[in-house]
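Here's the structure, in structure tokens; my notes come after.
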Protein chains: 2
Amino acid sequence: MARPPRFDLDQLLDAAVRLAAASGPAGVTMSAVAKEVGAPSGSVYHRFAGRTVLLAEVWLRTVEHFQEGWFAALEGEGDPRRAGRAAARHVVAWSRAHPEEAALLLYGAQDFGRAEWPDEQAGRADRGRRRVRDAVARLAAALGAADPAARERVSVAVIDLPLSLVRRHLRAGEALPGHAEGLAEECTAALLA
Amino acid sequence: MARPPRFDLDQLLDAAVRLAAASGPAGVTMSAVAKEVGAPSGSVYHRFAGRTVLLAEVWLRTVEHFQEGWFAALEGEGDPRRAGRAAARHVVAWSRAHPEEAALLLYGAQDFGRAEWPDEQAGRADRGRRRVRDAVARLAAALGAADPAARERVSVAVIDLPLSLVRRHLRAGEALPGHAEGLAEECTAALLA
DNA sequence: ATAATATTAGAGATCCCTCTCTATATTGTT
DNA sequence: AACAATATAGAGAGGGATCTCTAATATTAT
């Protein structure tokens, strides 16, 4: 009943990921994506209403990919300290397995034009944020972290710290060293002690 | 002997900082800076050879501002553990005092077009990087950190961790909470223990 | 075969940004 | 008063990106 697509959504988003990893969000233009996959610009506009939506979708797909395994790691353990360490390790391991997507994660939604996102994409972003916030809150409660500073320390331990370890290397244009997962786990353990 | 300037270097760089804090590096265009200070674009080109140089200068001035106090904090203490804690505290305190410049620090030189910088600016950036690297190496040695992972742990403790604490809040558009300096110091202490 | 439909294909209007160029203004010196 | 030096001032060419619009094309259901 219809012509089969030559350029599907994921193919275009993959190209956008490569461009963003190489040149930052500014490098993700409609024409750059079109050129990257060898399509005319019209085909890109057929999939995405505009650059705003493309940026939102590439960011959201990446974050949701990442979170999938992160939640699994965090919630797959009974002991809260072990859960935190597994989550930290996952941040690094996932980044090693997906270096280009990890490069995106080092930016923020703001850098992908969040202020102009349509409601649908803004909602997805909010739901993801809330889910992470709640998971961290449960972990903090299980660890007996009561005051805001203690809760924030947990959050840093299982998200920000391992990400900053990844950032050090990706920003310098290096691959992650072999000890990165172990180091992340150790540092997280130290913060959760 | 000459007409007095209406728009000096620092005034233009201040405007560039505001724009970068609000919209990221992409928001720093020659015309946006001109508009921000109320100058014609020609006056901006009179100070900076082009956008590449403007981006380099705004990044370098910010990093050098930051490093000034950071080195003082790190080297003002005899005991290495106290030195590391002072450095971590400084990262947060400086960010609180200069939130717009701190927003710049959350990016990397790459995002400010480092690949295209002229030699002068690239050299300044390299010298700064080396100075930080050497200071961290001395601290790590004083702490008895021998292998690469241990040295990296020190680096994370005194730079990346406190910066990621700042990033959490600035990326969310919030001010830094009152406990931030104390939390940074505690976390750094935990990693250096 | 034919109709319906999703998609490719790409030309072109419009906008914004970078950068150049020329003219003009202000100051200290002679 | 003329001049040299330094800045401001802003018009405009050139380039690239976004987005719209129309036409062509491939596929499937009937």
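Here is how names work: the chains are called A, B, and so on, in the same order as the sequence lines, proteins then strands, and each is numbered from 1.
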Could you give the [atom1]-to-[atom2] distance, from [X] to [N], as a whole number of Å?
X       : N      : atom1 : atom2 : value
A:Phe48 : D:dT18 : CZ    : C1'   : 15 Å
B:Arg51 : D:dG16 : CZ    : P     : 15 Å
B:His46 : C:dC21 : NE2   : P     : 16 Å
B:Leu54 : C:dC19 : CG    : C1'   : 14 Å
A:Arg47 : C:dA9  : CZ    : P     : 12 Å

Any chance [atom1] of [X] has more than 12 other-residue heavy atoms, nucleotides or ligands included, within less than 6.0 Å?
X        : atom1 : result
A:Gln110 : CD    : no
B:Asp119 : CG    : no
A:Glu68  : CD    : no
A:Asp126 : CG    : yes

By side-chain contact (heavy atoms from CB on, under 4.5 Å) - contacts of B:Asp134 (at least two apart):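 Result, side-chain contact (heavy atoms from CB on, under 4.5 Å) vs B:Asp134: B:Arg138.
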Sugar-phosphate, base or nothing in reach of B:Pro5, heavy atoms under 4.0 Å: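 Contact class for B:Pro5: sugar-phosphate only.
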Residues from residues 9-39 of chain B lying under 4.0 Å of DNA chain C - heavy atoms: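 Output list: B:Thr29, B:Met30, B:Ser31.
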Of all pairs that satisfy salt bridge (charged side-chain N to carboxylate O under 4.0 Å, His left out), the ones with a partner from residues 25-47 of chain A, not counting sequence neighbours: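 For residues 25-47 of chain A: A:Arg18-A:Glu36.
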B:Ala49 vs B:Pro4, nearer the 5' end of DNA chain C by closest nucleotide: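 Whichever sits nearer the 5' end wins; that is B:Ala49.
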Test ring-ring contact (aromatic ring centres under 6.0 Å, His included) applied to A:Trp94 and A:Trp70, A:Phe71, A:Phe66, the passing residue: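 For A:Trp94, the ring-ring contact (aromatic ring centres under 6.0 Å, His included) check succeeds only for A:Phe66.
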Which atom pairs link the protein and nucleotides 13-15 of chain C when you take only N or O atoms and keep those under 3.5 Å?
none

B:Arg6 vs C:dT26: side-chain N/O to OP1/OP2 distance below 4.0 Å: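 Looking at the OP1 and OP2 atoms of C:dT26, neither is under 4.0 Å from any side-chain N or O of B:Arg6.
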Pairs satisfying side-chain hydrogen bond (donor to acceptor under 3.5 Å, both in side chains), at least one member in residues 82-93 of chain A, at least two apart: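 Listed once each, the pairs are A:Glu77-A:Arg82, A:Arg85-A:Glu185, A:Arg89-A:Glu185.
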Backbone of A:Ala157 reached by a side-chain donor or acceptor of A:Thr188 within 3.5 Å: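 Side chain of A:Thr188 to backbone of A:Ala157: a pair is present.
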Under 3.5 Å side-chain donor-acceptor pair for B:Ser155 and A:Arg168: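 There is such a pair (donor and acceptor under 3.5 Å, judged by atom type) between the side chains of B:Ser155 and A:Arg168.
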B:Glu186 and B:His179: CA distance, side-chain angles, deciding distance, side chain to side chain donor-acceptor pair (under 3.5 Å) verdict: CA-CA 11 Å; B:Glu186 277 176 34; B:His179 63 243; over 6 Å; no
Please list, for nucleotides 21-25 of chain D, all pairs of protein and nucleotide N/O atoms separated by less than 3.5 Å.
residue	atom	partner	partner atom	Å
D:dT25	O2	A:Arg3	NH1	2.8

